[in-house]
Amino acid sequence: MIASLKNTRQYRWLTESKILRYYWLAVILASAIIATAAELWVTRAGPGASGDSVHYIQGALNLLAGHGFSRLKASGQYIPITSFPPGLSFVLAGLHALGLAVIDAGRYLNTILLGINTVLVGLLLHRATRSGLLAIVGSWMFMYAENIVRIHSWIMTEPLFLFFVFSAILLLDLYFQRGKIILLVVACLSVGFAALTRYVGLALIPATCLAILIVHKEKASRRWRDAILAGLVCLLPIVLWFWHNAQSTGNPVNRQLIYHPISKNLIFAFFDEISYYWFAPSLTIPYRIRWS
């Protein structure tokens with residue numbers, strides 16, 4: 001009976017169909033849609049906001065009012081914002097131009113990004129493991145994580161930052177596979193925009209260059225050429241923005257580089273903190289044992 005079933009046209013179609021190879025993608029897309037709908041329901045009374053959110057919202061509103069990326073002081077003076085990156089505010093201002101209020105734009109943007117980021121996680125996991133099951137499980141673990149649900153329900157930069165990071169990794173992997181420079185350029189622009197969304201994204205620039213030098217299979221001369229190109233493209237939006245800040249306020253990021261010598265007590269505290277990763281303070285293990 002089983003042998004006769006295997007000889008049927010329907011069985012051959014099921015086993016040979018390319019559609020079934022992408023069952024994992026269909027499951028992830030359906031899951032992302034459900035997650036997006038659930039997030040919309042969670043934020044039905046409005047998105048969350050923090051002190052940082054105020055800067056992003058005010059920055060977007062002042063961009064629309066023609067005052068640039070700035071904040072309003074109690075004295076009524078507009079001051080350029082240099083402590084926070086402008087990426088999210090620019091996107092919110094763009095969505096407002098399409099007819100959405102800034103707060104509503106933040107809600108819908110981060111809600112939709114939950115679905116998009118879930119799909120990107122699934123794609124990255126499938127490319128890394130070639131397992132549809134692991135891609136599904138990994139995307140579910142991402143979208144059901146408490147912190148992920150929380151940050152996508154607030155007007156914060158993390159969802160947009162994750163989108164740029166995941167997109168950059170995916171494009172960089174495609175570049176390694178196909179060797180097309182356009183993929184590398186777009187990937188590096190994603191890295192640059194990630195850094196303009198959260199300044200911690202600056203760490204992605206050397207990581208991208210090192211990945212090209214170490215992971216890419218091309219000749220050394222080609223790897224060095226592409227790594228240098230990648231660094232320049234990644235830095236382009238950052239340099240332009242820092243130059244703008246320097247011209248406006250005299251300081252690129254409202255920060256100073258200061259050296260603080262580390263005292264003996266701080267060194268001990270550092271070792272204590274590291275040891276607590278393995279042995280909780282409640283265990284009251286002597287410090288010499290914990291350090292060793």
>> Under the side chain to side chain donor-acceptor pair (under 3.5 Å) definition, can you give me all pairs with a residue in residues 37-46, not counting sequence neighbours?
In response: T43-R107
>> Test of understanding: with ring pair (Phe, Tyr, Trp, His ring centres under 6.0 Å), list the residues that count as partners of F268, not counting sequence neighbours.
In response: W291
> Should side-chain heavy atoms under 4.5 Å link Ile, Leu, Val, Met, Phe, Trp and Tyr, which residues sit in the same cluster as L134?
Replying inline: none
Could you list the donor-acceptor pairs under 3.5 angstrom formed by side chains in residues 81-92, with sequence neighbours left out?
residue: S83; atom: OG; partner: N254; partner atom: ND2; Å: 2.8
residue: S89; atom: OG; partner: Y56; partner atom: O; Å: 2.8

> Of all residues at least two apart in sequence or in a different chain, which pass the side-chain contact (heavy atoms from CB on, under 4.5 Å) check with I274?
Replying inline: F270, W278
>> Applying ring pair (Phe, Tyr, Trp, His ring centres under 6.0 Å), can you list everything that pairs with W154, at least two apart in sequence or on another chain?
In response: none
> For residues 91-121, which residue pairs qualify under ring-ring contact (aromatic ring centres under 6.0 Å, His included), counting only residues two or more places apart or in two chains?
Replying inline: none
>> Through direct or indirect side-chain contacts below 4.5 angstrom among Ile, Leu, Val, Met, Phe, Trp and Tyr, which residues connect to L236?
In response: L240
> CG/L172 to CZ/F176 distance, rounded to the nearest 0.5 angstrom?
Replying inline: 4.0 Å
> I155 pairs by side chain to side chain contact (heavy atoms under 4.5 Å, CB included) with which of V54, I57, D52?
Replying inline: I57
> Under the side chain to side chain donor-acceptor pair (under 3.5 Å) rule, what pairs show up with a residue in residues 230-239, not counting sequence neighbours?
Replying inline: none
> Does anything in residues 112-137 pair up under ring-ring contact (aromatic ring centres under 6.0 Å, His included), and if so which pairs, sequence neighbours excluded?
Replying inline: W24-H126
>> Is it the case that over 12 heavy atoms from other parts of the model lie below 6.0 angstrom from the CD1 atom of I262?
In response: no
> Applying side chain to side chain donor-acceptor pair (under 3.5 Å), which residue pairs with at least one partner in residues 161-177 are found, sequence neighbours left out?
Replying inline: R127-D173, R127-Q177, Y175-H216, Y175-D226
> In the hydrophobic cluster built from side-chain contacts under 4.5 Å, what are the other members alongside L72?
Replying inline: Y78
